[in-house]
Q: 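What follows is a single structure, and I will ask about it in a moment.
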Amino acid sequence: MTTIQTPDILPRILDYSARADPYPLYAELRRTPVALQEDGSYVISTYRELADILHNPHLSSDVRNLAHPMAAAEARTTPSFINVDPPEHDRLRRLAMRHFGPPHTPGLVSGMEPDLRAIVSGLIDDFEGKQRIDIVDDFAYPFPVTVICHLLGVPREDEPRFHVWVNAIIESIDYNPKTDPQEKLDNGVQATKDLRQYLGGLLEQRHGRPGDDLLTRLANDDGPEGRMTDAEIVSTANLLLIAGHETTVNLITNGMLTLLRHPEVLQRLRAEPDLVVPLVEELLRYEPPVHIIPWRAAYSDISVGDTVIPKGRQIMLMLASGSRDPDRFHDPDRFDPDRQDNQHLGFGSGIHLCFGGPMARLETQIALTELVRRLDGLSLVTDPPPYRPSPVLRGPIHLLVDQN
């Protein structure tokens, strides 16, 4: 049955002091699988309930279905497909997927493997002569940024411009009017406008011109469903640019941190490169890049377990908590790359299953394999490392290692 949870658990999770290790607090949270909060919202933290609601057709990703709309930067613009419901979601996702994966572009991800390996090799080559490396700044950030810029057709040299905007948008994702300064939201709103204006300018240059990048393909798509509008293309590009590197930065960095904390697994990976495939799946369960979906809406009453969530209520989904649920995973706080039946929530589930998951998997598999193969004797400078502010997209902001 639903109860009002001990009111300080969620604020403690969201507080920066818990960023290095929120998992004990998730365990407390799971004592009440569907927890009514004092503000009338609901928090879901257990695997079964999360899996159920992520496949529930009455769960809405459209902010307009909240009884009390949130102040969010994205709410003031044309939404991307991650923030709309079927049938509009399905149409936009299909149009984007025509140029990103099967069935129309089946070899895109696998065909990029040689380029991905070349980028990784070049970044690791630059470590030569350095005693101290920042895995984030020197590797885990520039790698996926270079990849997503290439895929979208965004000039790599423009990264310093959009990096500032992306940071402001990420910081505003979990904006709480009760505790955060208005400036945090305002910066996110302005950054969203600036980034979309920038992407719109790139899009204008692609109409009627040939090219293999995603912006050009979307601008000139004459498929059976017609083209996206320019506003929809910009929203899609905005989503893919941010999600296409921010989550992968965290996944690669969390992966290296986890391997350095588990040297026996690191040595296994060095000796058994094929181990990387199940290892990345376990990483997505154990230290995922996305911990929380900050809001979803009930656009009609939703039954979750023994609880009925009323129409219009805000629902927070604690994905990382669900992936550590002992009722679903044996010994969930142990990092085990040999784990069987690893149906984690690292990329979400249901209709909003991560669009770029196949690319993020391949990038991380290549990154971790090559780092472990080519670098020996790495040691952490600080453990735990400093973390990014966000409890939603959780990962170290720096990960300093010394080459011994």
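Here the structure is a predicted model, which is why all the values come from computation and not from measurement.
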Q: Within the supplied structure, the quantity of interest is the number of heavy atoms (other residues, nucleotides, ligands) at a distance under 6.0 Å from E183 CD; does it exceed 12?
A: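 Open: at most 12 neighbouring heavy atoms sit under 6.0 Å from CD of E183.
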Q: Between E246 and Y141, is the side chain to side chain donor-acceptor pair (under 3.5 Å) condition met? List the steps.
A: CA-CA 8 Å; E246 282 293 327; Y141 179 77; 5.7 Å; no
Q: Look at the aromatic rings of F143 and F139 and report parallel, tilted or perpendicular, splitting at 30° and 60°.
A: tilted
Q: For E157, I'd like to know if atom CD has over 12 heavy atoms of other residues, nucleotides or ligands within 6.0 Å.
A: yes
Q: Short question: side chain of R217, backbone of D212 - any donor-acceptor pair under 3.5 Å?
A: yes
Q: Closest approach of R206 and L152, non-hydrogen atoms and distance?
A: NH1-O, 4.2 Å
Q: Hey, what do you get for NE2 (H68) to OG (S41), rounding to the nearest 0.5 Å?
A: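 The NE2 atom of H68 sits 10.5 Å away from the OG atom of S41.
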Q: Taking the side chain as C-beta and beyond, is there a heavy-atom pair between F100 and L151 under 4.5 Å?
A: yes
Q: Mark yes or no for whether D85, through its side chain, and S61, through its backbone, hold a donor-acceptor pair below 3.5 Å.
A: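 Yes: the side chain of D85 pairs with the backbone of S61.
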Q: Look at atom CZ of R48 and say whether more than 12 heavy atoms of other residues, nucleotides or ligands are closer to it than 6.0 Å.
A: no
Q: Run the side chain to side chain contact (heavy atoms under 4.5 Å, CB included) test on D376 and R270 for me, step by step, so that the C-alpha distance in whole Å, both residues' side-chain angles and the decisive distance to 0.1 Å come before the verdict.
A: CA-CA 10 Å; D376 198 4; R270 183 172 287 143; 3.4 Å; yes
Q: What orientation do H291 and Y26 show, parallel under 30°, tilted 30 to 60°, or perpendicular over 60°?
A: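 Judged by the thresholds at 30° and 60°, the geometry between H291 and Y26 is tilted.
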Q: Is there a donor-acceptor contact under 3.5 Å linking the side chains of H89 and N83?
A: no
Q: Between R285 and S323, is there a donor-acceptor pair closer than 3.5 Å when you use the side chain of the first and the backbone of the second?
A: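 Yes; at least one donor-acceptor contact below 3.5 Å.
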Q: As a quick check of understanding, evaluate side chain to side chain contact (heavy atoms under 4.5 Å, CB included) for L400 and I133, giving each step before the final call.
A: CA-CA 6 Å; L400 299 177; I133 302 162; over 6 Å; no
Q: So which heavy atom on L275 is nearest to which on L269, and how close?
A: CD2-N, 4.0 Å
Q: Specify whether Y198 and W165 have parallel, tilted or perpendicular ring planes, treating 30° as the upper limit for parallel and 60° as the lower limit for perpendicular.
A: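 Because their plane-to-plane angle lies in the 30° to 60° range, the rings of Y198 and W165 count as tilted.
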Q: Could you check D137 against H398 for side chain to side chain contact (heavy atoms under 4.5 Å, CB included), going step by step and ending with a plain yes or no?
A: CA-CA 7 Å; D137 286 352; H398 297 290; 3.2 Å; yes
Q: Is D158 reaching over with its side chain to a backbone N or O of R161, donor-acceptor style, under 3.5 angstrom?
A: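 Not at all, since once roles are kept as given, no pair shorter than 3.5 Å links the two residues.
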Q: Which distance, rounded to the nearest 0.5 Å, do you find between the CG of L279 and the CZ of R339?
A: 12.0 Å
Q: Nearest 0.5 angstrom please: D331 CG to D333 CG, how far?
A: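 Separation between the atoms: 7.0 Å.
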Q: Is L240 close to T236 at the side-chain level, that is, under 4.5 Å between some pair of heavy atoms?
A: yes
Q: Without swapping roles, check the side chain of D301 against the backbone of K311 for a donor-acceptor pair under 3.5 Å.
A: yes
Q: Answer whether the closest heavy-atom distance between the side chains of I292 and P391 falls below 4.5 Å.
A: yes
Q: Under 3.5 Å, is there a donor-acceptor pair between the side chain of R313 and the main chain of G40?
A: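 Flag set: sc R313 to bb G40 pair under 3.5 Å.
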Q: Within this structure, what is the OG-CD1 distance for the pair S45 and I9, rounded to the nearest 0.5 Å?
A: 9.0 Å
Q: Whether the E281 and Y286 side chains hold a donor-acceptor pair (N or O, under 3.5 Å, no angle test) is what I'd like checked.
A: no
Q: Output yes when E171 and R388 qualify as a salt bridge under the 4.0 Å nitrogen-oxygen rule, no when they do not.
A: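 No, no charged N to carboxylate O under 4.0 Å.
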Q: With side chains defined as the heavy atoms from C-beta onward, is the minimum distance between I169 and I242 less than 4.5 Å?
A: yes
Q: Tell me, which pairs form a salt bridge (Lys or Arg N to Asp or Glu O under 4.0 Å) where one or both residues lie in residues 89-109, sequence neighbours left out?
A: E88-R91, R91-E232, R94-E225, R98-D221
Q: For Q205, is there any backbone N or O sitting under 3.5 Å from a side-chain donor or acceptor partner on R209?
A: yes
Q: Where the side chain of H330 meets the backbone of P326, is there a donor-acceptor pair that is under 3.5 Å apart?
A: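 No; judged by distance alone, with no hydrogens or angles, the pair does not exist.
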Q: Output yes when a side-chain donor or acceptor of T253 lies under 3.5 Å from a complementary backbone atom of N250, and no otherwise.
A: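 Here the side-chain-to-backbone pair does not exist.
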Q: I'd like to check L284 versus P289 (side-chain heavy atoms, cut-off strictly below 4.5 Å). Are they in contact?
A: yes
Q: State, with a plain yes or no, whether a side-chain heavy atom of I44 is found less than 4.5 Å away from one of I309.
A: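 The answer is yes, as the side chains (C-beta and beyond) meet within the 4.5 Å cut-off.
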Q: Of the non-hydrogen atoms in A20 and P384, which two are nearest, and what is the gap between them?
A: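 Residues A20 and P384, closest heavy atoms: CB-CB, 3.8 Å.
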Q: Taking all non-hydrogen atoms of both residues into account, name the closest pair between I252 and A140 and its distance.
A: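 Closest approach of I252 to A140, heavy atoms only: CG2-CB, 3.8 Å.
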Q: Check whether any side-chain N or O of S235 sits under 3.5 Å from a backbone N or O of T78 as a donor-acceptor pair, and report yes or no.
A: yes
Q: I'd like to know if D327 and R30 make a salt bridge, using a cut-off of under 4.0 Å between side-chain N and carboxylate O.
A: no
Q: Under the side chain to side chain contact (heavy atoms under 4.5 Å, CB included) rule, what do L266 and L260 come out as? Steps first, then yes or no, please.
A: CA-CA 7 Å; L266 188 152; L260 291 169; 4.0 Å; yes
Q: For the residue pair V34 and D306, establish whether any side-chain heavy-atom pair is separated by less than 4.5 Å.
A: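 A side-chain contact is absent here, since even the closest heavy-atom pair is not under 4.5 Å.
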Q: Could you tell me if Q190 and D186 have a donor-acceptor pair between their side chains, going purely by distance under 3.5 Å?
A: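 No, Q190 and D186 have no side-chain donor paired with an acceptor closer than 3.5 Å.
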Q: Validate the cation-pi geometry between R324 and F329: distance from NZ or CZ to the six-membered ring centre under 6.0 Å, angle to the ring axis within 45°.
A: no
Q: Can you name the nearest heavy-atom pair linking G153 to L202, along with the distance?
A: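 Residues G153 and L202, closest heavy atoms: O-CD1, 4.4 Å.
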Q: State, to 0.1 Å, how close T105 and H99 come at their nearest heavy-atom pair, and which atoms those are.
A: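 The answer is OG1-CA, 3.4 Å.
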Q: Checking E28 against R12 for the salt bridge (Lys or Arg N to Asp or Glu O under 4.0 Å) test, could you report, in this order, the C-alpha distance in whole Å, the side-chain angles of both residues, the deciding distance, and whether it holds?
A: CA-CA 11 Å; E28 289 187 50; R12 283 160 60 200; 3.3 Å; yes
Q: Answer yes or no: is there a side-chain heavy-atom contact under 4.5 Å between R296 and Q314?
A: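 Not touching, per the 4.5 Å side-chain cut-off.
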Q: Please determine if R19 forms a cation-pi arrangement with Y387, meaning its NZ or CZ atom is less than 6.0 Å from the six-membered ring centre and no more than 45° off the ring axis.
A: no
Q: Any chance you could lay out the salt bridge (Lys or Arg N to Asp or Glu O under 4.0 Å) test for D338 and R268, step after step, and finish with the verdict?
A: CA-CA 11 Å; D338 298 313; R268 270 193 69 191; 2.8 Å; yes
Q: Would you give the length of the straight line joining atom OH of Y42 to atom OG1 of T307, rounded to the nearest 0.5 angstrom?
A: 7.0 Å
Q: Less than 4.0 angstrom from a charged side-chain N to a carboxylate O is my criterion; do E370 and R374 meet it?
A: no
Q: Look at the rings of H262 and F335 and say which category their plane angle falls in: under 30° parallel, 30 to 60° tilted, over 60° perpendicular.
A: tilted
Q: Answer yes if the side chains of S17 and D15 hold a donor-acceptor pair under 3.5 Å, and no otherwise.
A: yes
